[in-house]
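In what follows, a single structure is set out as structure tokens and then discussed.
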Number of protein chains: 2
Amino acid sequence: MTTAKVRSQYHHGDLESALISTARKLVKQDGAEHLSLRQVSHEIGVSPSAAYHYFPDRTALLSGLGFSLFEELADFQEKEISKIPGNSARAARERFRALGRTYFQWAKKEPHLFNLMFGDLCTLEKVDQKNHEDARAFNNLTKCLDELYEFDLISEKMRPYGELLAWSVVHGATSLIIGGHLEPENFETTLDAVELALGIKR
Amino acid sequence: MTTAKVRSQYHHGDLESALISTARKLVKQDGAEHLSLRQVSHEIGVSPSAAYHYFPDRTALLSGLGFSLFEELADFQEKEISKIPGNSARAARERFRALGRTYFQWAKKEPHLFNLMFGDLCTLEKVDQKNHEDARAFNNLTKCLDELYEFDLISEKMRPYGELLAWSVVHGATSLIIGGHLEPENFETTLDAVELALGIKR
DNA sequence: GATATTATCTGTACAGTGTTCAGATAAGGG
DNA sequence: CCCTTATCTGAACACTGTACAGATAATATC
């Protein structure tokens, strides 16, 4: 269904995306450390060693999945933000808040996938590609902050810290809440704190 | 050496702490997902099934280690902060900054251990004990913020958000830098941003 | 001090894992 | 139609977590 190629390939579909998508399903359920290559292969109906034609490693499949999740998160954020139209100051402020909220919402819905993205497995490898991935979310954040700045909704003193502060605090609160170190109702409070911190007027 | 009991136990030392400390060593080197119970046992010189008398599970050993790391981090922070004496406003500000810096420094030095603490494995289980662990770091933060407030170094408006904002942003920046999504030199900038955000006067 | 009880660890076994590699099978080009 | 190339299979190896029946040492009881 999601695959582009014709369904009736003779002894295979397009494996690469099938591997990633069923890996996604299994990681979503049980977490990254419980993902078994053999289980993925079995679920697809293919031999255990078939995957090695597309990924050199189990961890390569996982980090491949991880990178695709950065796209997925950015898609989700952009889709939600596009629901807030208008060129007003109020709309700009709501879009900024939605950017943080969607980050949290997505992670809350898919904690195992979120932990894969920011865990040990996507850490060292393929720095170039990864920077490409999270750059998209970062650019959205910059766009949002620029918009706030145009409407004079963010203090000049704090503007240079905008991206760093907003991303760090949203990511940190999300991560701590998912890990059970903070309660979920604290997230909106944190967003309030960010707005106050950046000098965004109510 | 670190063990309390006499060294010459007949056919065992005190295994529980030996298990945790060599698990610490191996996770520090290779990350939590590569920890093998058999390797731990072999390194200690004990049978593979011996560990099951102290931990029901491989993940139980890992989360046991994880909890001990919260103590270790708090120890490190308290040790460093105690190096900054005095009851001055300047000292209070430096202690606050040191609290964030030590969090980052420790994580930077032990990224695999840090990822274990806040990864999938220490997420769901034993909520009571975990709250006990990170409560110590949280109390230190509260103490620091109270001290700042006494010296009138933090705005009244922002004080209620102090713990949430500081912990989230420090944890978030740390996590993002360790994951390679932000550059390390951004951390001090982030601390500047927090101080500005909380209204701490230079 | 000898004996029974309990805590601690061993040995073996099983199912499942990642990974390799020589070959089978199908697809597509000459 | 054959032959090259991409794709997948099957068997094999070393390793893993875990269970369980027993061995061994430490401790308590008489």
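Here is the naming used below: chain letters follow the sequence lines, and residue numbers restart at 1 for every chain.
Of the two residues near DNA chain D, A/S49 and B/P48, the one whose nearest nucleotide lies more 5' is A/S49.
Legend: residues meeting side chain to side chain contact (heavy atoms under 4.5 Å, CB included) with B/T189, ordered by chain and number and at least two apart, are A/Y161, A/L164.
The closest side-chain heavy-atom distance from B/E71 to B/R136 is below 4.5 Å. Within the 4.5 Å cutoff, side-chain heavy atoms of A/N140 are placed close to those of A/K143. Inter-residue side-chain proximity for B/H171 and A/H181 is flagged as unmet; no heavy-atom pair is nearer than 4.5 Å. Counting heavy atoms from C-beta on, the side chains of A/L37 and A/Y52 come closer than 4.5 Å. The shortest side-chain heavy-atom distance between B/T59 and A/E33 does not fall under the 4.5 Å cut-off.
Distance CZ (A/R58) to P (D/dT16): 14 Å, rounded to an integer number of Å. Between the P atom of C/dC9 and the CG atom of B/L37 lies a distance of 15 Å, rounded to the nearest Å. B/L61 places its CG atom 10 Å from the P atom of D/dT18, with the value rounded to the nearest Å. What separates OH of A/Y52 from P of D/dC13 is a distance of 17 Å, to the nearest Å. Distance A/H42 NE2 to D/dG10 C1': 16 Å, rounded to the nearest Å. Between B/L19 atom CG and D/dG17 atom P there is a gap of 12 Å when expressed in whole angstrom units. The interatomic distance linking B/H34 (NE2) with C/dG18 (C1') rounds to 11 Å, in whole Å. Rounded to whole angstrom, the span from the CG atom of B/L121 across to the P atom of D/dG17 amounts to 13 Å.
Aromatic ring orientation, A/Y103 versus A/F114: perpendicular (interplanar angle above 60°, classes split at 30° and 60°).
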Show your reasoning for whether ring pair (Phe, Tyr, Trp, His ring centres under 6.0 Å) applies to A/F70 and A/F118. CA-CA 10 Å; A/F70 278 95; A/F118 295 101; 5.5 Å; yes
Pairing of DNA chain D as dot-bracket, 5' to 3': ( ) intra-strand, [ ] crossing, | other strand, . unpaired, with Watson-Crick or G-U pairs under 3.5 Å? ||||||||||||||||||||||||||||||
Between protein and nucleotides 14-16 of chain C, what N or O pairs are separated by less than 3.5 Å?
none

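Residues B/E94 and B/R90 are paired through a salt bridge, judged by an N-O separation under 4.0 Å between the basic side chain and the carboxylate.
Looking at heavy-atom distances under 4.0 Å, A/L35 makes contact with sugar-phosphate atoms alone, never a base.
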